[in-house]
Amino acid sequence: MPRTLAARSKKISTDAIVVAALAGSLLVAGSAQAASGPGVPPVPQRPAGTITSPTGVNERMYPSTDSAVRGTFGRGAKIGLRCKVHAQSVGGNDVWYMLRTRPTWVAAAYVGNVSAVPLCKEVNRGTLEDSPATRAAMG
């Protein structure tokens, strides 16, 4: 005979509680597996790329080779990308990428293996890009 608990004048079987708890844990486990199983679209990854230039690439303050150099990346470096703009053409490619971690730019001509990168006008601006110069570059 199952034991019972009194809760607000209703009797609940402890066996029913155990069954409900097991069913809940199976539902949670099943939904976690379903989120990563076949037929489920993958979670979109943040845009990234790899430096392909043999000599590396300059990280610039604005999307132009006339802009001040703020750093460099060597060949093979993996970089996170926030968004892209069309600006000065470099080697026939007029796309420049804003880095994910700071408001500086690299020429797309030197970046390969890039996942989909949104246009900068389509990206929510945060404090990282909240400078007059960066806002002007982003449009």
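Excluded from the calculations below are hydrogen atoms, water molecules and symmetry mates; all remaining heavy atoms, backbone and side chain alike, are included.
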- Query: To the nearest 0.5 Å, what is the distance between CE (Met61) and CZ (Arg70)?
  - Reply: 4.5 Å
- CD1 of Ile51 to CD1 of Ile79: how many Å apart, nearest 0.5 Å? 4.0 Å
- Check whether any side-chain heavy atom of Leu81 sits under 4.5 Å from a side-chain heavy atom of Arg100, and report yes or no. no
- Query: For the residue pair Met98 and Arg102, what are the closest heavy atoms and their distance?
  - Reply: CG-O, 4.1 Å
- So, for Pro47 and Ala116, which heavy atoms are closest and what is the spacing to 0.1 Å? CG-O, 3.3 Å
- Task: Answer yes or no: are there more than 12 heavy-atom neighbours, outside Phe73 itself, under 6.0 Å from its atom CZ?
- Result: yes
- Determine yes or no for a side-chain-to-main-chain donor-acceptor pair under 3.5 angstrom, with Thr50 supplying the side chain and Gly76 the backbone. no
- Task: Looking only at non-hydrogen atoms, find the nearest pair between Thr52 and Val111 and report the distance.
- Result: OG1-N, 3.9 Å
- Query: Which heavy atom of Lys84 sits nearest a heavy atom of Val117, and at what distance?
  - Reply: CE-O, 3.2 Å
- Message: Looking at every non-hydrogen atom in both residues, tell me the closest pair between Val90 and Ala109 and how far apart they are.
- Response: O-CB, 3.3 Å
- Message: So, taking the atom named NE2 in His86 and the one named CG in Asn93, what distance separates them when rounded to the nearest 0.5 Å?
- Response: 9.0 Å
- Item | Shortest non-hydrogen contact between Tyr62 and Trp96, atoms and distance | O-CZ3, 4.3 Å
